[in-house]
Every structure is written in structure tokens, then in C-alpha cells.
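Input: a single structure, listed below in C-alpha cells.
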Protein chains: 2
Amino acid sequence: MAEGGSGSPGGESLLFLTDEQLRKGIEAMFFAYRGFTADPDRILAEKGYGRAHHRAIHFINRSPGTTVNNLLGILGVTKQSLNRVLRALIDEGLVESRVGKRDKRERHLYLTGTGVTLETALSNAQRARMRAAYRVAGPEAVAGFRMVLEAMMDPDMQRHFGAVREAGA
Amino acid sequence: MAEGGSGSPGGESLLFLTDEQLRKGIEAMFFAYRGFTADPDRILAEKGYGRAHHRAIHFINRSPGTTVNNLLGILGVTKQSLNRVLRALIDEGLVESRVGKRDKRERHLYLTGTGVTLETALSNAQRARMRAAYRVAGPEAVAGFRMVLEAMMDPDMQRHFGAVREAGA
DNA sequence: AGTTTATGTCAGCCTTGTTGACATTCCAAG
DNA sequence: CTTGGAATGTCAACAAGGCTGACATAAACT
């Protein structure tokens, strides 16, 4: 179907990027993102949480002691939206909020034992899916995967990507 | 941080997939998906539409004449949710709904001229972003990217992926 | 004739995003 | 010391877009 008529239809002739090939990339992102979130979503639904809670938990786990403002920058939502989610997590004992030592306005966020337990369950599920995909695709594909994804981010987000700084309380 | 201590920390030794490398893959998906939807989101917001409308428009454009049931399977939402979106698009003249010739229960969906115009704007923006990412990453990376994404999909969705059948009215 | 299928629609609820307004705390500059 | 502004929290209201349940209709199938 409108593959170009020339050679190999498997998507190999990638020097010319036809609209059709780009369309497939777009749809691949759509379908893959759904698969990517499916397993955590199931776990979260059982506990009465949503994807927003997952994101907060993930980034607090990645950078323990991160501040609310920091999280806001990474997650790209309003403080009100984040606050609603954080309040639930704090009230239910998954996240601890400590007043900053140097700057007492800041709140530093940490996962509690319960929080770590949920985070582990979530990321185990997600890692299993990703590991399976990696295994099917092979090592070179993984490198390409990451390279394309990184190039697709907004520049501001590339800054946050992969940076695990411990954010001293 | 827990990068393994051995060789190249850039994420090259991909035969052993450390949790840290998988975490980076997970975050890459998160940040990249945001970048991926950012441009269309801006265009949609101007017109008073959302991502749900975009998805409907995209798949109707991909498979003109597709039925509502078909779309439901692809999009993975309830008919009530989809119907709300479709009603808006039909009322505002972006989508046309034709009663099926063979089976008159079915409605076949088509983009109108206006619908095609918006679709073009949306996919131009998205394709530009993807083309830029592809160019930065190179042809081999693109192949890997697509391979990993396809492996990350739910099996049911792999069925829909890339299939452009014209769905005879 | 009765059942199933495809669709539409109404009502209500939830999550998660938004804006706007306002209070508190507290660092830092004047 | 006072004031400005930054960081945070919180209240209210709203919208998009998911969801469930219930019900209606028309057409197809058996």
C-alpha cells in the first residue's frame, strides 16, 4: 500500500523516509506506549492509584530527596496537580516529605518502605516488558531505540534524562 | 551510580541489561512520548480538540471507511468515549459517517476536506519531529527503534500495526 | 420470531490536567 | 527591620477524556 513501489517493503531503505514509513513510526510509538504502560496500570488500579502516582513514585525513587519544584520541572504539570497526587501518597504512607535543612521552605521527598515496595513492583513489571522487547530486538536495536527516543525529546527534557543526582537535603 | 563499574558507561554493553539501563529506557519512553505529542497538542489546543480527537482523525485517515467497531478495537476505549469524540468531529464537519451498503448497521467513517486539512497539519508536525530524530540517530538506529517498539506492543496491537486495509463500504 | 450485533445516547462517576486566588513560611536584599 | 519574592500548600471551580450501567434502535442472523 503506497510503500513506494521500489524495493524492500520491510522499512529498510531509510535514507528516503517516505511519509508512509514515518506514519508507521508514529503508530509504533502510539501502540508501544500503550504496551509500555499496561502492566504498571494494572498494578496501580488494584491499589487505587493512577499513572500520575506512578510518575511521582518513579522520580522520587530515582532521586531521593528531590524537591517539589524539581519534580514539577520534570513532570511538566502544575503544582496543584502534583500536590493532589503527592498528598495522597504522603497520607497513605508511601512518600515522606521532609522540610529542607538549608532552605526550610523546600520539601524533600523520599519513598518509605511501603513506597519502595510499590515502586519495585511497578518497575519490575515495566522492566520485564522492556527486557523482553530488548531480547527480541537485539543489542543493536536497543542502542538505536534509545538514540531515536533521546532525539525525539524536547531539549529541556534531555537535560533531565539519565541524570540521577542525590539532591542533598 | 550503579553503572556496573566495568567498561563504557554510555550504555554500550547491552548483553547484560542492568536495571539502571532499563530504567533509562523507561524514562526515555516517558520523555520521548511527551516530545512526540507536544507539537500536535499545540495545534489541537488552538482548534479546541484534544489527543483523543487526534487519534480518531489519524486512524480514519489511515483507513478511510473504517467502521466504529474497528476504531474501538484499535483505540482501546469504550464506545461511549469514542462516540463523544466522533460526535464532535462529525458535528463540526471534519468527519463524515456513511451508513454501510452491505451491512446497514455499520457506519463507515471518512475525513472531509476540512478533516484532511487538520490531519495534514497534525501529521506534518509529528513527521517533522520524527524525521529530525531519525536524521540525528541515523538509519540503523531507526530500524532498531522500530523493532524494539514493535516488540513492546501488546500482541493484539501488533495485529493492527502497519495494516492499512481499505475497508470496503 | 427471537437473538445477536452495531451503533447511539443519557446519566453519572473518576482521574488528572487546568486557572485563579490566597495564606504561610522564610531567605535575602535594602 | 522591613519588604520583596520564592517555595510551598490549599481551596474552589472547571474541562477533557477515561469508565460503567442502562436503554433504544435497526439490521442481520438463525
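Just so it is clear, the values below take in all heavy atoms, side chains as well, and ignore hydrogens, waters and symmetry mates. Lettering follows sequence order; numbering is per chain, from 1.
Regarding contacts with the backbone of D:dT10, a side-chain N or O of A:R87 is found under 4.0 angstrom from either OP1 or OP2. At least one side-chain nitrogen or oxygen of B:H53 sits closer than 4.0 Å to the OP1 or OP2 atom of D:dG17. OP1 or OP2 of D:dG9 lies within a sub-4.0 Å distance of a side-chain N or O belonging to A:R107. In terms of phosphate contacts, A:T78 brings a side-chain nitrogen or oxygen within less than 4.0 Å of OP1 or OP2 of C:dT18. Look at A:R55 and you'll find a side-chain N or O under 4.0 angstrom from OP1 or OP2 of C:dG17. The shortest distance between the side-chain N/O atoms of B:N69 and the OP1/OP2 oxygens of C:dT7 is below 4.0 Å. Taking 4.0 angstrom as the limit, A:S81 places none of its side-chain polar atoms (N or O) nearer than this to OP1 or OP2 of C:dT16.
The separation between A:R102 atom CZ and D:dA7 atom C1' is 14 Å, rounded to whole Å. To the nearest angstrom, C1' of D:dG18 lies 12 Å from CG of A:D41. Per the geometry, CD belonging to B:E106 stands 10 Å off P belonging to D:dA28, to the nearest Å. Per the geometry, CG belonging to A:L109 stands 15 Å off P belonging to D:dA7, to the nearest Å. What separates NE2 of B:H108 from P of C:dA6 is a distance of 12 Å, to the nearest Å. The CG atom of B:L86 sits 14 Å away from the C1' atom of C:dA6 (whole-angstrom rounding). Between A:D91 atom CG and D:dG9 atom C1' there is a gap of 13 Å when expressed in whole angstrom units. Rounding to whole angstrom units, CG of residue A:L82 and C1' of C:dT15 are separated by 15 Å.
For B:V68, counting side-chain heavy atoms from C-beta on, the closest listed nucleotide (C:dG8, D:dT10, D:dG17) is C:dG8.
With hydrogens and angles ignored, no donor-acceptor pair closer than 3.5 Å exists between the side chain of B:Q80 and the base of D:dG17. If you check distances only, the side chain of B:R105 never reaches the base of C:dG8 with a donor-acceptor pair under 3.5 Å. No donor-acceptor contact under 3.5 Å links the side chain of A:K104 to the base of C:dT25.
Ring orientation note: the planes of A:H53 and A:Y49 are tilted relative to one another, at an angle of 30° to 60°. Ring geometry, A:F31 versus B:F59: the interplanar angle falls from 30° to 60°, so the pair is classed tilted.
Among the atoms of the strands shown, only primed sugar atoms or phosphate atoms (P, OP1, OP2) are found under 4.0 Å from some heavy atom of B:G76. Counting any heavy atom pair closer than 4.0 Å across all strands shown, A:R84 reaches a base atom.
The pair B:R129-A:D154 meets the salt-bridge criterion, with a side-chain N (NZ, NE, NH1 or NH2) lying under 4.0 Å from an Asp/Glu carboxylate O. Here B:K24 does not pair with B:E27 in a salt bridge; the nearest charged N to carboxylate O distance is not below 4.0 Å. Under 4.0 Å is where a charged nitrogen must lie from a carboxylate oxygen, and between A:R131 and B:D19 at least one such pair does.
Of the two residues near DNA chain C, B:S97 and A:K79, the one whose nearest nucleotide lies more 5' is B:S97.
In this structure, B:R98 forms a cation-pi arrangement with B:Y110, its terminal cationic atom sitting closer than 6.0 Å to the ring centre and no more than 45° off the ring axis.
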